[in-house]
Amino acid sequence: MDALERIDQFVKENPILIFMKGTPQFPTCGFSSRTAEAMKACGVPFGYVNVMADPEIMQALPSYQDWPTFPQVYVNGELIGGADITIEMYERGELKPLFEEAVAKAEAEKGE
């Protein structure tokens, strides 16, 4: 499986996913840190991929959805954006309901 296929698999398997530098507990860049903090503040579980631990994913990810920077946040398989967009959505109160809806949808699909 090549890097783009692995990226696609991660995106499809996680209703909420962040590709970031480091981990939510130990981010290695300020943008990833602020984004992960906003996501954690929503109180909804989410997946993550540490691009620093996988050079192939780090190299391929910008071409996956034509988004050149890290972090990248996906909800229900769709790119919502990077640090600025995610943090703005959190500050406007839009991120938590979006996350809650994504988790509810994933749980409903599992129950089918």
Task: salt bridge (charged side-chain N to carboxylate O under 4.0 Å, His left out): pairs with one or both residues in residues 15-33, sequence neighbours excluded - done: none

Task: Nearest atoms (heavy-atom pairs only) where Val75 meets Ala102 - done: CG1-CB, 3.6 Å

Task: Side chain Ser33, main chain Cys29, donor-acceptor under 3.5 Å - done: no

TODO: Kindly give the heavy-atom pair with the smallest separation between Ile57 and Phe10, and that separation in Å.
DONE: CD1-CE1, 3.5 Å

Open item on the list: Less than 6.0 angstrom separating the ring centers of Tyr48 and Phe19, yes or no?
Closed with: no

Task: Backbone of Glu5 reached by a side-chain donor or acceptor of Asp2 within 3.5 Å - done: yes

Open item on the list: Applying salt bridge (charged side-chain N to carboxylate O under 4.0 Å, His left out) as the test, list every pair that has at least one member in residues 67-90; sequence neighbours left out.
Closed with: Glu88-Arg92

Task: Qualifying residues under side chain to side chain contact (heavy atoms under 4.5 Å, CB included), relative to Pro71, sequence neighbours excluded - done: Ile18, Met20, Phe31, Ser32, Thr35, Ala83

Task: Inter-residue atom distance Asn76.CG - Lys12.NZ, 0.5 Å rounding - done: 13.5 Å

- [ ] Could you state whether Ile85 and Ile87 fall into the same hydrophobic cluster, counting links through intermediate Ile, Leu, Val, Met, Phe, Trp or Tyr residues with side-chain heavy atoms under 4.5 angstrom apart?
- [x] no

TODO: Decide yes or no for Phe70 and Met58: does some side-chain heavy atom of the first lie under 4.5 Å from some side-chain heavy atom of the second?
DONE: yes

- [ ] Please round to the nearest 0.5 Å and tell me the distance separating atom CG of Leu98 and atom CE of Met89.
- [x] 5.0 Å

Task: Pairs flagged by salt bridge (charged side-chain N to carboxylate O under 4.0 Å, His left out) wherever residues 27-47 is involved - sequence neighbours left out - done: Glu37-Lys40

Task: For Ala36 against Pro24, the heavy-atom pair lying closest together - done: CB-CA, 4.1 Å

Open item on the list: Test: side-chain hydrogen bond (donor to acceptor under 3.5 Å, both in side chains). Region: residues 56-69. Which pairs qualify, not counting sequence neighbours?
Closed with: Arg6-Glu56, Asp8-Tyr64, Trp67-Thr69

Task: SG-CD distance between Cys42 and Glu94, expressed to the nearest 0.5 angstrom - done: 11.0 Å

Open item on the list: Is the ring pair Phe99/Phe46 parallel, tilted or perpendicular, if the boundaries are 30 and 60 degrees?
Closed with: tilted

Open item on the list: I'd like to check the side chain to side chain contact (heavy atoms under 4.5 Å, CB included) partners of Glu13; sequence neighbours left out, ordered by chain and number.
Closed with: Gln9

- [ ] Quick one: closest heavy-atom pair of Gly47 and Asn14, and the distance?
- [x] CA-OD1, 3.9 Å

Open item on the list: Would a single hydrophobic cluster contain both Ile7 and Ile80, if residues Ile, Leu, Val, Met, Phe, Trp and Tyr are joined by side-chain heavy-atom contacts under 4.5 Å?
Closed with: yes

- [ ] Start with the C-alpha distance between Leu79 and Val73, add both sets of side-chain angles, then the distance that settles side-chain contact (heavy atoms from CB on, under 4.5 Å), and finish with yes or no.
- [x] CA-CA 6 Å; Leu79 174 69; Val73 178; 5.8 Å; no

- [ ] Using the test side chain to side chain contact (heavy atoms under 4.5 Å, CB included), find all partners of Val103 that sit at least two apart in sequence or belong to another chain.
- [x] Ile16, Val44, Glu107

